[in-house]
Each structure stands twice: as C-alpha cells, then as structure tokens.
Amino acid sequence: PQSGLIEINASDNSVGRPVELPMSRLEPADVAVAGDAVWVTVATGVAKVDAGSAEVVDTIELDGTPSQIIATEDDVWVVIDDTVQHIDPT
C-alpha cells in the first residue's frame with residue numbers, strides 16, 4: 001500500500017490532491033503546519049510539503065525514527081526516541 005497525505009478542503013470537506021511521501025513507512029507518524037509548509041515525520045526523517053502546490057519540496061534525513069513534530073515559521077522540532085532535535089526550516 002502507498003502512504004501519504006490527502007488534502008482536505010476545510011470549507012466543504014471535499015477531498016483534494018494526494019501527496020505521496022518519500023521515505024515513508026505504512027503511515028506518517030505526525031504532521032505539523034506552519035505558514036505554507038506542512039511538515040510530516042516519515043520513516044527516517046521529515047518531509048516538507050508546500051501547502052499550495054501539494055508537492056514535497058524537501059526531505060531531511062535524521063538519525064532515528066521521528067515520532068512527533070511541532071513547527072512554527074522559524075523552527076521545527078522533532079522527537080526521536082527520548083530526545084528533541086531542532087531542524088532549521090529554511
């Protein structure tokens with residue numbers, strides 16, 4: 001089975017474009033939205049998706065499997081095992 005995100009239009013609950021994720025396991029573990037970026041934890045890192053185009057614009061490999069993510073426009077933080085790792089979103 002393929003893994004990814006599906007865009008949902010909040011105004012009318014219609015299903016939009018699917019986003020296929022790289023490095024993905026059976027399902028994304030966590031998602032965070034900041035500005036025009038959607039950050040998704042995947043098997044060996046995080047994927048940055050442009051919310052406007054629904055395209056993966058960056059992938060970041062990490063040491064370990066991320067389980068949680070939080071993002072602002074200036075910072076992205078990922079939980080890996082018992083540690084928190086900072087990612088520069090630029």
Side-chain angles (χ1 to χ4, degrees):
Q2 288 197 3
S3 174
L5 297 175
I6 297 177
E7 178 185 44
I8 304 291
N9 184 331
S11 63
D12 63 6
N13 291 328
S14 62
V15 176
R17 301 166 285 190
V19 178
E20 202 171 313
L21 297 173
M23 307 181 299
S24 63
R25 49 185 171 241
L26 294 179
E27 61 187 51
D30 203 12
V31 176
V33 178
D36 291 333
V38 179
W39 294 89
V40 185
T41 59
V42 291
T44 59
V46 296
K48 180 181 180 183
V49 178
D50 179 273
S53 67
E55 297 288 326
V56 175
V57 294
D58 197 10
T59 56
I60 301 168
E61 294 275 340
L62 300 171
D63 291 330
T65 301
S67 60
Q68 297 175 339
I69 191 166
I70 188 166
T72 68
E73 290 193 35
D74 299 319
D75 293 292
V76 177
W77 298 91
V78 180
V79 176
I80 300 173
D81 298 323
D82 293 333
T83 63
V84 177
Q85 182 173 342
H86 180 259
I87 296 172
D88 182 356
T90 56

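Side chains included, hydrogens not; waters and symmetry mates left out as well; all remaining heavy atoms used.
Across Gly16 and Ile6, no two heavy atoms sit closer than the pair O-CG2, 4.4 Å. The two residues Thr44 and Pro66 come nearest to each other via the heavy atoms C-CD, 4.5 Å. Annotation for Asp30 and Ser67: closest pair CB-O, 3.6 Å, computed over non-hydrogen atoms. Residues Ala51 and Glu7 come closest through the heavy atom pair O-OE2, 4.3 Å. Nearest heavy-atom pair, Asp63 versus Ile80, reported as atom, atom and distance to 0.1 Å: O-CG2, 3.5 Å.
Counting heavy-atom neighbours within 6.0 Å of Ile70 CD1, excluding the residue itself, gives a total of 12 or less. Around CG of Asp36, the count of heavy atoms belonging to other residues, nucleotides or ligands within 6.0 Å does not exceed 12.
Within the structure, the side chain to side chain donor-acceptor pair (under 3.5 Å) test picks out the following pairs touching residues 79-90 (sequence neighbours left out): Asp75-His86, Asp88-Thr90.
Remark: Ile69 CD1 to Ile87 CD1 distance equals 5.5 Å, nearest 0.5 Å.
For Ala37, the side chain to side chain contact (heavy atoms under 4.5 Å, CB included) criterion is met by Trp39, Lys48, not counting sequence neighbours.
Cluster annotation: Val42 and Val57 are assigned to distinct hydrophobic clusters (Ile/Leu/Val/Met/Phe/Trp/Tyr, side-chain heavy-atom contacts under 4.5 Å, transitive). A continuous path of ILVMFWY side-chain contacts below 4.5 Å connects Val31 to Val49, so both sit in one hydrophobic cluster. The hydrophobic clustering, which links ILVMFWY residues whose side-chain heavy atoms are closer than 4.5 Å, places Ile8 and Val19 apart.
Using modelled atom types and a 3.5 Å distance limit, the side chains of Ser14 and Asp12 yield a donor-acceptor pair.
Side-chain atoms of Val78 and Val84, non-hydrogen and from C-beta on, never get closer than 4.5 Å to each other.
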(message) What verdict does the side-chain contact (heavy atoms from CB on, under 4.5 Å) test give for Val46 and Thr59, after you've listed the backbone C-alpha separation in whole Å, the side-chain angles of each residue and the deciding distance to 0.1 Å?
(response) CA-CA 6 Å; Val46 296; Thr59 56; over 6 Å; no
